[in-house]
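Data block below; observations after.
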Amino acid sequence: MQSDIVKNRSHMCAEISKSSCNEEVKLMGWVQKRRDLGGLIFIDLRDRTGIVQLAIDPESSSFQVAESIRSEYVIEAHGVVRERPEGQVNSSMKTGEIEILVNELKILNKSLTPPFYIEDDVSAEESLKLKHRYLDLRRPRAQNAIIQRHKIAKATRDFLDSNGFIEVETPVLTKSTPEGARDYLVPSRIHNGSFYALPQSPQLFKQLLMISGFDRYFQIV
């Protein structure tokens with residue numbers, strides 16, 4: 001079931017363009033960066049589609065909230081899409097021609113200071129990134145790799161399905177059958193002293209499917 005947050009969001013961050021100017025939008029995401037220019041606060045809001053800039057005017061009722069926001073806070077922003085002033089267009093951003101003039105801002109969740117910056121090419125130790133994997137996976141490069149893998153797997157599935165193939169998931173772990181190669185064992189939590197192993201004879205599953213009548217099948221792992 002979709003959460004209320006997903007249902008109530010009007011756009012993803014990078015879905016907004018110049019064609020949306022003067023539209024009211026409701027966005028939710030993580031704070032990539034906050035810049036306080038004295039009379040104006042800018043917030044780069046991030047989700048898995050990209051980044052969009054929020055602008056909070058000092059006369060806005062949300063200005064005090066914006067002053068308390070830090071990196072990786074999760075926020076909700078209501079506002080109007082407007083074209084950026086001439087000379088402030090950021091060509092390196094997909095949404096670099098527009099910004100959101102915020103009229104309502106809400107903090108959904110606060111965050112401690114992250115142990116490393118949530119950006120590509122971060123110079124953090126690999127062990128630190130693995131320890132905080134949930135933060136590492138917020139980086140655009142990591143997310144894009146997962147999204148790209150999804151698209152490739154979907155295209156493969158669509159092609160095979162259109163050609164009469166059936167996707168069948170065969171066991172990844174099975175009874176150990178030592179055949180000369182080293183077994184990779186996983187202990188059973190239910191049967192003390194027993195282990196599962198990576199299949200050394202996956203052709204057995206192929207033969208089982210073939211003689212059962214599944215002449216065209218595939219598995220993506």
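Residue numbers run from 1 in the order of the sequence given. In what follows, every heavy atom counts, from backbone to side chain, and hydrogens, waters and symmetry copies are set aside.
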Practice item. Kindly indicate whether the side chain of Q32, heavy atoms from C-beta on, has any atom under 4.5 Å from the side chain of E119. Key: yes

Exercise for review: Identify the two heavy atoms, one from K110 and one from I107, that lie closest to each other, and give their separation to 0.1 Å.
Suggested key: CG-CG2, 4.0 Å

Point to revise | Gap separating the CD atom of Q143 from the CZ atom of R48, nearest 0.5 angstrom | key: 8.0 Å

Practice item. Answer yes or no: are there more than 12 heavy-atom neighbours, outside K129 itself, under 6.0 Å from its atom NZ? Key: yes

Review point. Are E15 and K94 within salt-bridge range, i.e. N to O under 4.0 Å?
Key: no

Practice item. Check whether any side-chain heavy atom of S60 sits under 4.5 Å from a side-chain heavy atom of V102, and report yes or no. Key: no

Check your understanding: When hydrophobic residues are tied together by side-chain contacts of less than 4.5 Å, even through go-betweens, does W30 share a cluster with L27?
Key -> no

Check your understanding: Do N144 side-chain atoms and P140 backbone N/O form a donor-acceptor pair below 3.5 Å?
Key -> yes

Exercise for review: Look at the side-chain heavy atoms of Ile, Leu, Val, Met, Phe, Trp and Tyr, link any pair under 4.5 Å apart, and say whether I43 and Y73 land in one connected group.
Suggested key: yes

Review point. With a 4.0 Å cut-off, would you call E99 and R82 a salt bridge?
Key: yes

Check your understanding: Does any non-hydrogen side-chain atom of F42 lie less than 4.5 Å from one of K33?
Key -> no

Review point. Can you check side chain to side chain contact (heavy atoms under 4.5 Å, CB included) on N8 and K26, steps first, answer last?
Key: CA-CA 8 Å; N8 292 336; K26 180 178 180 180; 3.5 Å; yes

Exercise for review: Spell out, yes or no, whether Y117 and L45 are grouped together once hydrophobic residues are joined by side-chain heavy atoms under 4.5 Å, including indirect joins.
Suggested key: no

Practice item. Output the distance between atom CD1 (I100) and atom CG (N103), rounded to the nearest 0.5 Å. Key: 10.5 Å

Check your understanding: Run the side chain to side chain contact (heavy atoms under 4.5 Å, CB included) check on D44 and R35 step by step: do they pass?
Key -> CA-CA 9 Å; D44 288 346; R35 304 184 301 282; 3.2 Å; yes

Exercise for review: Identify, with sequence neighbours excluded, every residue that meets side-chain contact (heavy atoms from CB on, under 4.5 Å) alongside P171.
Suggested key: F205

Review point. Quick one: does D120's side chain have a donor or acceptor within less than 3.5 Å of a partner on R141's backbone?
Key: yes

Check your understanding: Less than 4.5 Å apart, any side-chain heavy atom of H78 and any of E24?
Key -> no

Review point. Can you list the residues that meet the side-chain contact (heavy atoms from CB on, under 4.5 Å) rule with F165, with sequence neighbours excluded?
Key: L160, N163, R216, F218

Review point. Are the side chain of R139 and the backbone of I118 linked by a donor-acceptor contact shorter than 3.5 Å?
Key: no

Point to revise | Steps toward side chain to side chain contact (heavy atoms under 4.5 Å, CB included) verdict (F116, E125) | key: CA-CA 9 Å; F116 52 83; E125 293 289 337; over 6 Å; no

Exercise for review: Dump the intermediate steps for side chain to side chain contact (heavy atoms under 4.5 Å, CB included) on I69 and I41, then the final yes or no.
Suggested key: CA-CA 10 Å; I69 285 175; I41 292 177; over 6 Å; no

**Study point:** Exceeds 12 heavy-atom contacts within 6.0 angstrom, atom CD of Q64
**Key:** no

Exercise for review: Check side chain to side chain donor-acceptor pair (under 3.5 Å) between T170 and all other residues, then give those that pass, not counting sequence neighbours.
Suggested key: Q219

Review point. A77 and L105: which non-hydrogen atoms are nearest, and at how many Å?
Key: CB-CD1, 3.8 Å

Check your understanding: Would you say the side-chain atoms of R84 pair up with the backbone N or O of G96, donor to acceptor, closer than 3.5 Å?
Key -> yes

Review point. Side-chain contact, heavy-atom cut-off 4.5 Å: V25 with S20?
Key: no

Point to revise | Non-hydrogen atoms of I51 and M93 that approach each other most closely | key: O-CE, 3.4 Å

**Study point:** Closest approach of S68 to V65 (non-hydrogen atoms, all atoms of both residues)
**Key:** OG-O, 2.7 Å

Check your understanding: Quick one: does P58's side chain get under 4.5 Å of L40's, heavy atoms only?
Key -> yes

Practice item. Could you check if a side-chain atom of L54 sits within less than 4.5 angstrom of a side-chain atom of I75, using non-hydrogen atoms only? Key: yes

Review point. Is the closest side-chain heavy-atom distance between Q88 and E83 below 4.5 Å?
Key: no

Review point. Just wondering, are more than 12 heavy atoms of other shown residues or ligands nearer than 6.0 Å to CG in L112?
Key: no

**Study point:** Side-chain donor or acceptor of D47 paired with backbone N/O of C13 under 3.5 Å
**Key:** yes

Point to revise | CD on E76 to CD on E104, rounded to 0.5 Å | key: 7.0 Å

Check your understanding: Can you name the residues that form a salt bridge (Lys or Arg N to Asp or Glu O under 4.0 Å) with D36, not counting sequence neighbours?
Key -> R34

Check your understanding: Can you get from L208 to Y217 by hopping between Ile, Leu, Val, Met, Phe, Trp and Tyr side chains that sit under 4.5 Å apart?
Key -> no

Practice item. Scan for side-chain hydrogen bond (donor to acceptor under 3.5 Å, both in side chains) pairs involving residues 188-199, sequence neighbours excluded, and state none if there are none. Key: none

Review point. For R133, which residues count as a side chain to side chain donor-acceptor pair (under 3.5 Å) partner, sequence neighbours excluded?
Key: D136

Practice item. Group every Ile, Leu, Val, Met, Phe, Trp and Tyr by side-chain heavy-atom contacts under 4.5 Å, then state whether V31 and I56 land in the same group. Key: yes

Check your understanding: Can you tell me how far NE2 of H11 sits from OG1 of T95, rounded to the nearest 0.5 angstrom?
Key -> 12.5 Å

